[in-house]
Enquirer: 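Below is the structure I would like to discuss, written out as structure tokens.
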Amino acid sequence: MKVKIKPTQDPEQLRENLSTHLNQVQIVDGEIEAAVEDEESEKKIGLIDRTPGVESYTVDGETFEGLKGRPVQEKMYARLEDDEAVAEALLATIEGYDLIVLEGGLDWELKLLRRFNPDIKQLSTGRSDVFDVEKSLLDEGPEEKVEYDLSEEEVEMLLRFMQPKSLERGEN
């Protein structure tokens with residue numbers, strides 16, 4: 001089956017991001033077309049639904065809203081220590097930051113964040129010179145700090161948004 005994806009911006013970057021998880025991804029007239037095999041269609045459509053940089057997508061003639069944001073392209077350090085840090089990490093991912101999560105943290109939340117960007121890295125040690133990182137969600141370090149001013153309600157809303165739909169309905 002063919003899926004047509006309308007990017008929010010930078011179609012080439014979005015095509016590159018999607019090509020690691022979808023087959024036959026190409027840009028046609030400013031939109032992205034991808035082939036999805038029937039046996040994996042639900043999983044792959046879910047991936048498109050959660051990919052930053054997708055304005056909307058069309059499957060079998062039906063159009064769905066995407067996550068919006070911008071395609072993941074710029075690296076950023078993060079640490080998942082509490083609910084607010086997790087909510088900020090989700091916002092950063094939607095805004096196109098490719099997270100590098102530093103030691104420790106919350107494993108379940110990291111797994112949930114990887115639903116939005118499967119390529120998130122986790123380091124068991126401190127910062128690494130291997131990555132070219134200029135931004136950070138952390139207070140320490142030489143990188144430029146990106147800050148979000150979130151209320152408790154916004155943090156709760158973002159954490160609920162991250163949850164798989166089956167957990168929201170109480171299913172297993």
Side-chain angles (χ1 to χ4, degrees), residues 5-11 13-14 16-18 20-22 32 42-57 64-128 130-172:
I5 303 161
K6 181 179 178 185
T8 57
Q9 59 180 307
D10 199 350
Q13 181 66 53
L14 184 59
E16 186 180 314
N17 293 353
L18 290 169
T20 60
H21 307 289
L22 300 173
I32 297 169
E42 189 173 320
K43 180 179 176 185
K44 298 297 181 175
I45 299 301
L47 178 88
I48 294 168
D49 191 48
R50 294 183 306 270
T51 298
V54 174
E55 179 78 30
S56 61
Y57 60 96
F64 302 92
E65 287 292 313
L67 184 59
K68 310 280 192 278
R70 71 179 181 134
V72 171
Q73 55 198 330
E74 189 176 353
K75 302 231 181 278
M76 173 186 276
Y77 285 125
R79 188 175 283 124
L80 307 179
E81 297 173 317
D82 56 28
D83 287 350
E84 186 174 355
V86 173
E88 290 175 352
L90 175 61
L91 277 179
T93 299
I94 293 170
E95 290 182 357
Y97 291 103
D98 190 10
L99 299 182
I100 300 170
V101 177
L102 299 180
E103 69 274 336
L106 307 168
D107 290 336
W108 174 250
E109 285 76 0
L110 178 61
K111 185 175 181 173
L112 292 176
L113 281 169
R114 283 190 172 134
R115 294 176 63 235
F116 297 89
N117 177 11
D119 300 324
I120 289 175
K121 311 282 185 284
Q122 181 180 27
L123 300 179
S124 58
T125 61
R127 290 169 168 74
S128 171
V130 174
F131 305 104
D132 183 25
V133 180
E134 296 178 7
K135 300 208 175 158
S136 176
L137 289 172
L138 309 173
D139 290 327
E140 76 273 2
E143 303 84 19
E144 176 187 336
K145 181 166 175 34
V146 176
E147 295 186 61
Y148 298 98
D149 186 22
L150 300 174
S151 68
E152 282 186 42
E153 294 79 25
E154 290 169 322
V155 169
E156 288 298 318
M157 179 191 68
L158 288 165
L159 294 176
R160 278 193 310 272
F161 177 74
M162 283 178 63
Q163 299 298 319
K165 300 297 180 213
S166 61
L167 289 180
E168 287 178 1
R169 293 188 298 258
E171 299 171 7
N172 289 326

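For the single chain, residues carry numbers from 1 onward in sequence order.
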Enquirer: Report the C-alpha separation of Asp132 and Lys75 in whole Å, then their side-chain angles, then the decisive distance to 0.1 Å, and conclude whether the side-chain contact (heavy atoms from CB on, under 4.5 Å) test is met.
Expert: CA-CA 7 Å; Asp132 183 25; Lys75 302 231 181 278; over 6 Å; no

Enquirer: I would like to know whether Arg70 and Tyr97 meet side-chain contact (heavy atoms from CB on, under 4.5 Å); could you show each step before the answer?
Expert: CA-CA 9 Å; Arg70 71 179 181 134; Tyr97 291 103; 4.0 Å; yes

Enquirer: Shortest non-hydrogen contact from Asp83 to Glu156?
Expert: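 Nearest heavy atoms, Asp83 then Glu156: OD2-OE2, 4.4 Å.
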
Enquirer: How far does CH2 of Trp108 sit from CE of Met162, to the nearest 0.5 angstrom?
Expert: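 Reported to 0.5 Å precision, the distance equals 9.5 Å.
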
Enquirer: Minimum heavy-atom separation for Pro7 to Leu14, with atom names?
Expert: CB-CD2, 3.6 Å

Enquirer: Can you tell me how far apart CG (Leu91) and CG (Leu158) are? Round to the nearest 0.5 Å.
Expert: 5.0 Å

Enquirer: With rounding to the nearest 0.5 Å, note down the distance linking CD1 in Ile5 to CG in Leu22.
Expert: 6.0 Å

Enquirer: Is there a side-chain contact between Leu67 and Val54 (heavy atoms, below 4.5 Å)?
Expert: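 No, too far: nothing below the 4.5 Å cut-off.
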
Enquirer: Could you tell me which non-hydrogen atom of Asp119 sits nearest to which non-hydrogen atom of Asp98, and how far apart they are?
Expert: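 Minimum heavy-atom separation between Asp119 and Asp98: O-OD1, 3.9 Å.
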
Enquirer: Mind jotting down which residue pairs meet the side chain to side chain donor-acceptor pair (under 3.5 Å) criterion with at least one end in residues 145-154? Sequence neighbours excluded, please.
Expert: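 Matches after skipping sequence neighbours: Glu95-Tyr148, Asp139-Lys145, Ser151-Glu153, Ser151-Glu154.
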
Enquirer: Which pair of heavy atoms, one from Pro71 and one from Gln9, lies closest together, and at what distance?
Expert: CG-O, 3.4 Å

Enquirer: Give a yes or no answer on whether the side chain of Lys68 reaches the backbone of Thr8 with a donor-acceptor pair at less than 3.5 Å.
Expert: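 No, Lys68 side chain to Thr8 backbone: no donor-acceptor pair under 3.5 Å.
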
Enquirer: Begin from the C-alpha positions of Asp10 and Glu16 and carry the test side-chain contact (heavy atoms from CB on, under 4.5 Å) through to its verdict.
Expert: CA-CA 10 Å; Asp10 199 350; Glu16 186 180 314; over 6 Å; no

Enquirer: Which atoms form the tightest heavy-atom contact between Glu143 and Glu134, and what is the distance?
Expert: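 That closest heavy-atom pairing would be CB-O, 3.5 Å.
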
Enquirer: For a quick check under 3.5 Å, do Asp49 and Tyr57 share a side-chain donor-acceptor pair by atom type?
Expert: yes

Enquirer: Hey, what do you get for CG (Asn17) to CG (Asn117), rounding to the nearest 0.5 Å?
Expert: 7.5 Å

Enquirer: For the atom pair NZ (Lys111) and CD (Gln122), what is the distance rounded to the nearest 0.5 Å?
Expert: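 One gets 13.0 Å once the value is rounded to the nearest 0.5 Å.
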
Enquirer: Taking all heavy atoms of Leu99 and all of Ala78, pick out the closest pair and write down the distance.
Expert: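 In this case the closest contact between Leu99 and Ala78 is CD2-CB, 4.2 Å.
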
Enquirer: Measuring from Arg50:CZ to Arg114:CZ, what's the distance to the nearest 0.5 Å?
Expert: 14.0 Å

Enquirer: Quick one: do Thr51 and Leu47 satisfy side-chain contact (heavy atoms from CB on, under 4.5 Å)? Show the steps, please.
Expert: CA-CA 6 Å; Thr51 298; Leu47 178 88; 4.2 Å; yes

Enquirer: Any chance NZ of Lys121 has more than 12 other-residue heavy atoms, nucleotides or ligands included, within less than 6.0 Å?
Expert: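 Above 12, so yes.
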
